[in-house]
There are 2 protein chains.
Amino acid sequence: MEAKRRSTRIYDVAERAGVSVGTVSHVLNHPARVTPATRERVLQAIEELGFVRNANASTLAAGHSRNVGLVAIDLGNSMFVDIANGAQSAARPAGLDLLLAGSEDDYETQASKVAFFDEARVSGLILAPMQDSAEQIERFRKHRRPVVVVNYDHKDPGICSVIVDNELAGQLAAEHLLSLGRRRLLFVGGDNPAIQPVHFRWLGVERALRRSGVQAQVEMQNTPDLEPGSGIAVAEQILGLPAEERPDGVIAVTDGLAAGVIEGLTAAGVRVPVDIAVMGCDHNTSAWTGRLPLTTVAMQGREVGETAMQLLLEELDQGPDHEHRRVVLEPHLLVRASTVGWNG
Amino acid sequence: MEAKRRSTRIYDVAERAGVSVGTVSHVLNHPARVTPATRERVLQAIEELGFVRNANASTLAAGHSRNVGLVAIDLGNSMFVDIANGAQSAARPAGLDLLLAGSEDDYETQASKVAFFDEARVSGLILAPMQDSAEQIERFRKHRRPVVVVNYDHKDPGICSVIVDNELAGQLAAEHLLSLGRRRLLFVGGDNPAIQPVHFRWLGVERALRRSGVQAQVEMQNTPDLEPGSGIAVAEQILGLPAEERPDGVIAVTDGLAAGVIEGLTAAGVRVPVDIAVMGCDHNTSAWTGRLPLTTVAMQGREVGETAMQLLLEELDQGPDHEHRRVVLEPHLLVRASTVGWNG
DNA sequence: TTGAAAGCGGTACCAT
DNA sequence: ATGGTACCGCTTTCAA
């Protein structure tokens, strides 16, 4: 028969230290309000007993939690890992902890994760969705806890958000190629309006062309997904064209696609970047194995996460009279060998 | 002056449905014990009020949580993402949720994450450490909650663990190359005993050589890290050798390294796999951009996660008389173009 | 089947 | 500076 031994509580500590529970609670939460001497005794009792405070009880009694949740729809994407790391590091100094939930998920699972954090009564939520999630967000906010939307431009001025300027990313990419004298551009990834980054990057490319004042053209090639395999397929299409009809500059909407394009082209003897310059557009660190260093546009995941957490802390701090902000971070161009120079 | 409005509680639901809180709790936790009619009324009240149960209070009162924590030292590594996904999917049917904490971490941060889950009173913990973590584990287990160690062979028979047979992985890799007639092998990654997978894979390679019965040799090349960049450096060293002294088969201890080696070799005109066959050893999905499909040894991250969660559930179920198990999963060879055939 | 009430482990206010 | 003590919101006997 097992004695159902409960774990040591604050009462046990109090008893052992010869003080009241209130005092123990104080040394845990407001050490300054306690005499160094008693504090020492309590600390020692805690140590001897191996006491670990129950965060559930603490959250319940205090009425607020020291955690914030992050729901990202795809943890396999390095952008989200960067965001998580950024948010984490911004949370720590404020005494908060970041909890990640789920991965490999669809919209429904995302909903269940949001609900999960809702039940856990986290202080706030950072959400990196792939589509409009207004309903999920509203449900969560009804409990008067802040939400910051990240990496998705959701248009609701009543919510803080942090995004990277995807249109600018596309523009920077196109301007880079134009500045290198490329005049026949191909945009790989397509204008699937359901995938925001893709859509906006394409708009940026168009804008760059319009503003450039040079005679240049850009075509768009849709792909079924954004993985290397599709890039290889596009490369094969390019190879099917007579040399004079081929693009001289390719902007792939993700680094993964770009990798595939380069793979496909170089395997067939096309020289990158001499014959065709190829660049990516998201600085997906974990997706680049580095045959040819890839020119890309860095999307600042870490900064996104840090900024999001700062907005969250701000809102937590200011309460109801907080003014929601929409922060737009600027991506920046990373020029490497896949568009300039020739190393092979 | 803000009315400090608290969120709707089970009491509110009870009142609205005209029942007692006990009954509401029952429809939440044991729906069968309640008349369909009352259940319906309660459910409706919940709906109308937008009630969301407070998981902290629930955990506190029930004495057990419906979450299990996963601490992985590097979320940027696809192996860990696979493990998380596997664990997640095994947890759901059991009514549990998986919480991930932290990333980009060192040993100390790992400790704080473990402590964090300890405070949260999760039902169990899955830990994917990079080094011996006996002390952290002990602290957690003192609270009588199960821990499963994953992806690290920690030798403690008192704890469940799931690992992939790294020695077998090395052996499979070497046997593959030997079967292709390669006789001058190079193992890239080195025998850093602090990094378990590297160490054991090397042992497996040696074993394969010993057992093969053919005249073959293998050398070992240490690298400062396991990233593509180091692979490129190794490629350059190889290129510095006279052709007849070069290896004809390379086993890189990670796919990232392998990618770098291939990059470096092919850029200099070496034909892979004709001149030199190159393979990786961890099936790091997110790190392969696919110039040349890479032969590798798949390390079954998803299965590791699923198995770990199953062991955890088992221990949760069986309580103190649970017998700890050490599950060793078998990796398997994935033969692709970087070792056989010739596509360019 | 449903209701009443005693906790679960802390927190924080109010006294002392 | 410390102690006493109502809760926090829910679960779970135990009775009715």
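Since the model is a prediction, treat every value here as computed from it, not as a measurement. Sequence lines set the chain letters: A, B, ... in the order given, protein chains first and strands last, and positions in each chain run from 1.
The existence of a salt bridge linking Lys142(A) and Glu138(A) is excluded, since no basic side-chain nitrogen approaches an acidic carboxylate oxygen closer than 4.0 Å. The existence of a salt bridge linking Arg145(A) and Asp118(A) is confirmed by a sub-4.0 Å separation between a basic side-chain nitrogen and an acidic carboxylate oxygen. Between Arg66(A) and Glu119(B) there is a salt bridge, with a side-chain nitrogen of the basic residue lying less than 4.0 Å from a carboxylate oxygen of the acidic one.
Glu40(A) places its CD atom 16 Å from the C1' atom of dA1(D), with the value rounded to the nearest Å.
Taking a heavy-atom distance under 4.0 Å as the criterion, the stretch of DNA chain C touched by chain A extends 5' to 3' from dC8(C) to dA12(C).
Listed by first and then second residue, the side-chain hydrogen bond (donor to acceptor under 3.5 Å, both in side chains) pairs that reach into residues 308-319 of chain A are Glu314(A)-Arg325(A), Gln318(A)-His322(A), sequence neighbours excluded.
At a threshold of 4.0 angstrom between heavy atoms, the contacts of Val19(A) are confined to the sugar-phosphate backbone, with no base atom among them. Across all strands, Gly22(A) comes closer than 4.0 Å to base atoms (heavy-atom distances).
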Return the polar atom pairs (N/O with N/O) between nucleotides 8-10 of chain D and the protein under 3.5 Å, or none.
from	atom 1	to	atom 2	distance (Å)
dC8(D)	OP1	Arg6(B)	NH2	2.7
dC8(D)	O2	Ala61(A)	N	3.2
dG9(D)	OP2	Arg6(B)	NH2	3.1
dG9(D)	N2	Ala57(B)	O	3.4
dC10(D)	OP1	Asn54(B)	N	3.3
dC10(D)	OP2	Ile10(B)	N	2.5
dC10(D)	N4	Tyr11(B)	OH	2.9

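At least one side-chain heavy atom of Ile137(A) sits under 4.5 Å from a side-chain heavy atom of Arg141(A).
In this view, Leu43(B) and Val27(B), Arg39(B), Glu40(B), Ile46(B) satisfy the side-chain contact (heavy atoms from CB on, under 4.5 Å) rule, not counting sequence neighbours.
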Indicate every side-chain donor-acceptor pair of residues 127-134 of chain A with a distance under 3.5 Å to a residue at least two apart or in another chain.
from	atom 1	to	atom 2	distance (Å)
Asp132(A)	OD2	Ala134(A)	N	3.2
Ser133(A)	OG	Gln110(A)	NE2	3.0
Ser133(A)	OG	Gln131(A)	O	2.9

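Thr35(A) has a side-chain polar atom (N or O) that falls below the 4.0 Å cut-off from OP1 or OP2 of dT2(D).
Summary for the helix from dT1(C)-dA16(D) to dT16(C)-dA1(D): the axes at its two ends, each from 5 pairs, differ by 30° when rounded to the nearest 10 degrees.
Inspection of the Ser89(B) and Asn85(B) side chains reveals no N or O donor paired with an N or O acceptor under 3.5 Å. No hydrogens or angles considered: a donor-acceptor pair under 3.5 Å links the side chains of Asp106(A) and Thr109(A).
Listed here is the closest heavy atom pair of Ala84(B) and Leu98(B): O-CD1, 3.6 Å.
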